[in-house]
2 protein chains.
Amino acid sequence: MKKGQVTIRDIALKLNISISTVSRALRNSPEIKLETRKKVLAMADKLNYSPNVVAQSLRVNKTKTLGIVVPELASHFFASNISGIQDTAYRRGYNVMICQSNESFEQEKSDIRTLVSSRVDGLLISLSRETVSYDHLQNLIDREIPFVLFDRILEGLPVSTVTVDDTLGAYKVTRHLIEQGCQRIAFLSGPEGMYISQKRMDGYEKALSEKGIIMDPGLVRHSDLTSETTQAMVRDLLDQPNPPDAIFAINDPVAIDVMKFLKGRGIRIPQDIALVGFTNMPVSDALEPALSTVDQPAYEMGRLAANNLLDQLMDPDGFEPKNIVLDTELVIRKSSEK
Amino acid sequence: MKKGQVTIRDIALKLNISISTVSRALRNSPEIKLETRKKVLAMADKLNYSPNVVAQSLRVNKTKTLGIVVPELASHFFASNISGIQDTAYRRGYNVMICQSNESFEQEKSDIRTLVSSRVDGLLISLSRETVSYDHLQNLIDREIPFVLFDRILEGLPVSTVTVDDTLGAYKVTRHLIEQGCQRIAFLSGPEGMYISQKRMDGYEKALSEKGIIMDPGLVRHSDLTSETTQAMVRDLLDQPNPPDAIFAINDPVAIDVMKFLKGRGIRIPQDIALVGFTNMPVSDALEPALSTVDQPAYEMGRLAANNLLDQLMDPDGFEPKNIVLDTELVIRKSSEK
DNA sequence: CTGTTAGCGCTTTCAG
DNA sequence: CTGAAAGCGCTAACAG
């Protein structure tokens, strides 16, 4: 990029051959004589040549770059997703550009716009907690820009998705709590429109009804996932005439906020109130009590999402969207053992 | 990027003017008549024009993209650094590409190579725990590719750096522990060559000598920051004839590993052994006991590093490298209150 | 104030 | 097997 960058022209000049020959040799075109190719490769090496990917991109109209949009980076779950995506992308010769929406719908739209204008070849998107409408995604479809949704998805779009079986995960949690003798299990959910809120709610309800427990709507709350709201909701839950004996939090960060609040109130976990999260953050087992949770294969989700997107880029026509659903594992720790 | 992308040529054709006029109008060149510019802008809007940044990059030999290399993404500290960088970069019209070295020197070199070949305009780098040599950085200097080091730096290079006052931070920790009555304070450090290991060691020694405590070399250990090594070292520390009454861990993740191990052994914190970390991860205060630690302004570090790099890109000649050092705050919690 | 022209570095027909 | 030439979309002299 700096002055004096070596180009194929320099190689051609030195070798007294045409630049097209150099170009072909560099890319192992079969029509080049072995000897010529060797000469070119040697000279390229000697001059420390490195191709100008910008020029290549302009020429072939492909940047070999994937765009990623996540709600936040400072979350172990999304960071692991990204690792999975990156490793896969690099292995297959792609770079990534990452944006965070900070859980804002507007920012998410802007991120997508930025990435598209950077000419990424495809996108991997996990939606913000505010996102309930399609338009910006439909726009990508209209412009034939391939993308895959993961974890925070929206249903009904003809695109690939990668999720865990949220319903089953929540079902396992709720059933486990019932088996521990809990009768009034609160569900501290995320925003109503969010896919994972709905799916985990389904699992929660299924387990309750299976065990013959009538769901008390007063035990279900929708948080915007911030600490403040979470704590306000727990307070509200506790101040009811008939408080819960267990809380199922939509994810580990929320569960940690709950834990802090309960401790502050002198409420014992799990004796007074059992607690379960979702995600299995690495610190979950360092908490006191260690947090029961649902292990989500974050890295694997990223890997699968990236592979699916790259397959789509390799063969745009023969491609069929897939809905990939991974299994989860309930990790039982102290916080829910009555 | 898809077929039928609108170009300035399309606008020019529609308006029966030259493409250079369109180009100038789009970029608010002062030499264009207001009326013409309005027409162009209107048409661009109507056709839903979006500039091809790849072509722009090729032409002006700048990508308006910064490269970031961090040891890992799944760390709240680095994720916050990145947020600070990103916000700053976006505000100033730049995108970012992020790579993680996974604490590997080889991977770090490869990341830098990748980013450079992607033609980023500059780099922001936090070194891996293995990095003790210069060559790959010197290479950037030789090629006149601007970069800034942050947090995990290496001294002696004519480039800007952004760190916290590691020595002072460690000094505060050690003095605090002494004031709590601790006499045998172990320092569980990182790899020997690492900048932060050395600086924090300096602060540790300074506090000890100031208080007239003779440093016991047997109380200083160098971990590679993995859980396994950390736990092995703590075991070793405990199995000494004269075990420590406090442990100062190089960062919070290591402190958490220490905590897990001590708990497993039935050792009480802080009564038997006091514990302090470094970084102030958001979960630190949810631990039991809540972890004393040193608060590092991660977001701010990222912001300053990015601003410094961007200043450098704006004015390459008039630029002087700066060593920016931020202050830290000792956060005292239960884990160190005897 | 606007148009013409010449590339940025590379790939890819089309001709030999 | 290799070369000549066109062009990806855009910017920037240079000329009017």
Side-chain angles (χ1 to χ4, degrees), chain A residues 1-41 43-44 47-65 93 116-121 143, chain B residues 1-41 43-44 47-65 93 116-121 143:
Chain A
M1 149 190 43
K2 287 289 143 190
K3 57 183 161 204
Q5 261 297 320
V6 182
T7 72
I8 53 171
R9 195 162 169 282
D10 298 319
I11 301 179
L13 247 38
K14 290 262 185 192
L15 256 31
N16 252 314
I17 56 179
S18 79
I19 62 166
S20 25
T21 302
V22 176
S23 172
R24 281 187 272 248
L26 250 19
R27 173 122 62 59
N28 295 321
S29 161
E31 24 177 22
I32 297 291
K33 196 168 36 166
L34 183 65
E35 191 195 347
T36 317
R37 169 162 20 174
K38 277 190 177 164
K39 268 194 334 204
V40 170
L41 260 28
M43 182 56 75
L47 297 182
N48 208 351
Y49 167 80
S50 134
N52 186 326
V53 293
V54 177
Q56 282 174 324
S57 296
L58 178 60
R59 185 57 238 256
V60 303
N61 210 20
K62 289 198 169 29
T63 54
K64 290 268 188 181
T65 300
V116 167
S117 98
S118 289
R119 286 343 206 228
V120 295
D121 292 341
R143 299 167 68 178
Chain B
M1 148 190 41
K2 287 290 146 189
K3 58 183 163 199
Q5 262 297 322
V6 182
T7 73
I8 53 170
R9 194 162 170 280
D10 298 319
I11 301 178
L13 248 38
K14 289 263 185 191
L15 257 31
N16 252 314
I17 55 180
S18 79
I19 63 164
S20 32
T21 301
V22 175
S23 172
R24 282 186 272 247
L26 249 19
R27 187 124 66 53
N28 294 321
S29 161
E31 22 175 25
I32 296 291
K33 196 170 35 169
L34 182 65
E35 192 195 346
T36 316
R37 167 163 18 171
K38 276 190 175 164
K39 265 194 337 205
V40 170
L41 260 29
M43 182 57 74
L47 297 182
N48 209 352
Y49 167 80
S50 134
N52 186 327
V53 294
V54 177
Q56 282 174 325
S57 296
L58 178 60
R59 186 58 238 254
V60 301
N61 209 20
K62 286 195 170 34
T63 54
K64 290 272 190 175
T65 301
V116 167
S117 98
S118 289
R119 267 32 192 200
V120 294
D121 293 341
R143 299 168 69 179

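In what follows, chains are A, B, ... by sequence order, proteins preceding strands, each numbered from 1.
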Of the candidates D/dG3, C/dG9, D/dC10, the side chain of A/Ser18 sits closest to D/dG3
B/Lys33 atom NZ is separated from C/dG3 atom C1', nearest whole Å, by 14 Å
Is any side-chain N or O of B/Thr36 closer than 4.0 Å to OP1 or OP2 of C/dT2?
yes
Walking DNA chain C from its 5' end, the first of B/Val60 and B/Leu34 to be reached, judged by nearest nucleotide, is B/Leu34
note: A/Ile32, atom CD1; D/dT2, atom P; distance rounded to Å ~ 5 Å
Of C/dG9, C/dT2, D/dC10, the nucleotide closest to the side chain of B/Asn52 is D/dC10
Taking every heavy atom of B/Leu41 against every heavy atom of B/Ala25, the minimum-distance pair comes out as CD1-O, 4.1 Å
In whole angstroms, the gap separating P of D/dC10 from CD of B/Gln5 amounts to 9 Å
CG of B/Leu13 to CE of B/Met43, rounded to nearest 0.5 Å, is 10.5 Å
So, with a heavy-atom separation below 4.0 Å from DNA chain D, the residues of residues 20-30 of chain B are B/Ser20, B/Ser23, B/Arg24, B/Arg27
Whole-Å distance, A/Asp10 CG to C/dC8 C1', equals 13 Å
With sequence neighbours left out, the residues meeting side chain to side chain donor-acceptor pair (under 3.5 Å) with B/Arg24 are none
Between the CZ atom in A/Arg37 and the CG atom in A/Leu34, the distance rounded to the nearest 0.5 Å is 6.0 Å
The nucleotide from D/dA12, D/dC10, C/dT2 with an atom nearest the side chain of B/Tyr49 is D/dC10
May I ask you to say what B/Gln56 touches in the nucleic acid, namely base, sugar-phosphate or nothing, with a heavy-atom cut-off under 4.0 Å?
sugar-phosphate
So CD1 of A/Ile32 and CD1 of A/Ile17: to nearest 0.5 Å the spacing works out to 8.0 Å
Between CZ of A/Arg9 and P of D/dA5 the distance, given in whole Å, is 14 Å
The residue, A/Ser50 or A/Glu31, whose nearest nucleotide of DNA chain C is more 5′ is A/Ser50
What is the nucleic acid contact for A/Ser57, judged by heavy atoms within less than 4.0 Å: base, sugar-phosphate only, or nothing?
nothing
Taken in chain and number order and not counting sequence neighbours, the residues that satisfy side chain to side chain donor-acceptor pair (under 3.5 Å) with A/Ser18 are A/Ser20, A/Thr21
